[in-house]
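Have a look at the structure below before the remarks.
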Amino acid sequence: MQPGLWKLAVLTALLHPVLPLEFQHHRYPEMVSALLRVQSECPFISRLYSIGRSAQGRHLYVLELSDNPGIHELLEPEFKYVGNMHGNEVLGRELLIQLAQFLCDEYNRRNPRITHLIHETRIHILPSMNPDGYEVAADQGSEANTYLTGRANARGVDLNRNFPDLHLAFQKLKGRNHHVSLDDNWREQTEQETYAVIRWMQSYNFVLSANLHGGAVVANYPFDKATEPIGRGPYRRIISTTPDHKLFQKLAKVYSYSHGWMHNGSNCGDYFPEGITNGASWYSLSRGMQDFNYLHTNCFEITLELSCKKFPPQHELQREWYGNREALLAFIEEVHKGIKGMVLDENNNGIPKAVISVSTINHDITSGIGGDYFRLLLPGKYMVTASAPGYKGQTVLVSVGAGEPTRVDFHLVPFLAAPSTSVPTISLPSVITSSVSLHRLNSRTTKKGPPMLRERRRTGWRFHGH
Ligand SMILES: [Zn+2]
């Protein structure tokens, strides 16, 4: 190229910067291509999988980013982002596609922060939970988009009002708010998209999550459902708190203060101090996803409202990405807080579904299949107990700092552990039925050797939950 042409090219680039390809809205085929591109550029740290299909048959694709994709590594927490649950709230979808590409690019550039994040976390990104609604909204385009067009799924159902309402069950359980079980007919009450997401939540031991929306700029934390019907406006001070209220406030603030302008609080003609709000104090909703996460699983989810315009014009996407990028990363890093560790039996095998209780917080979490657990906590001192049917509970005093999680392993001793005497004295905890006790006794007395014992024990778990 002649010197004069170089100058012209540089001048043209300065005057008309070419946006990277990614700063554009992605229709469904383009979104799939973008995710496949990440997978092809980062084959060793990514996996694209589908959790099911929408009502119109589009896949609900999740991109996983991790140093060992497809595998849960013990003590490596599972994290998720869910975008575009309301089909016409599209910024989350674009930000998540962008985030996936960014994580891949920066990993390939050996960015130490991103490398550490990918090595220590299993990140699941679902850019669109409602791909059918998106297509309806995208047909209208950004300018014509209204509050409702494309919000619901193809069958006209608002997916953030479609999760089983566990608040009723939780009230019946007199305050027990963890692992609230579902009605037998829950499948019939949910849409395909909701069903797919619930099954997904049940298959992975997610620890932390955010669910991305638009129409306001605020980080919203549980509960979304008020204990009594209230509306918007002057009743805003009525809040509906979880036992992890302060932790949720902090998680929401991590996002709002890492975001370019959310923390200012004044956005879209509304005001939220510090850019956060309790869901119910803004407006109460039933059958939402974030409450379901908290009441049914180990996962702590918040809802991020990210843009005044539900369908921002394409030229605003780059600014939005830079406004959200640090917040999206900082929020993932919050999964590495509190305490984590193993719950082990006398043979150092992990105990699944062991219950981890914190004395001052009425909300338990459970260990995963391999016996590892993750309990998000604010800095402080806590009495933490691990318990499991058939074992003596173990309580320890734990000091939690602001940085990396404190590692606390529990070694549980079975109630039936045979002392040195030939006839063991058996003391049974109240939660164990006699048949299970006999089963355990048999497994100890008639079968020798750890492998068989392990197998028997696992069989036993199936018959009595906690
Ligand atoms: Zn929404």
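Remember, it's 1-based here, ligands and their atoms both numbered in the order they're listed.
For the pair Arg93 and Tyr134, the cation sits on the ring face: its NZ or CZ lies under 6.0 Å from the ring centre, inside 45° of the axis.
Looking at Asp372, its side chain never comes within 3.5 Å of a backbone N or O of Ser367 through a donor-acceptor pair.
Ring centroid separation for the pair His296 and Phe163 does not come in under the 6.0 Å cut-off. With ring centers used as reference points, His86 lies under 6.0 Å from His213.
Here the N, O or S atom of His213 that is nearest to the Zn ion (ligand 1) is ND1. Nearest N, O or S atom of His86 to the Zn ion (ligand 1): atom ND1.
Taking 2.8 Å as the criterion, Glu89 counts as a coordinating residue of the Zn ion (ligand 1), since one of its N, O or S atoms falls below it.
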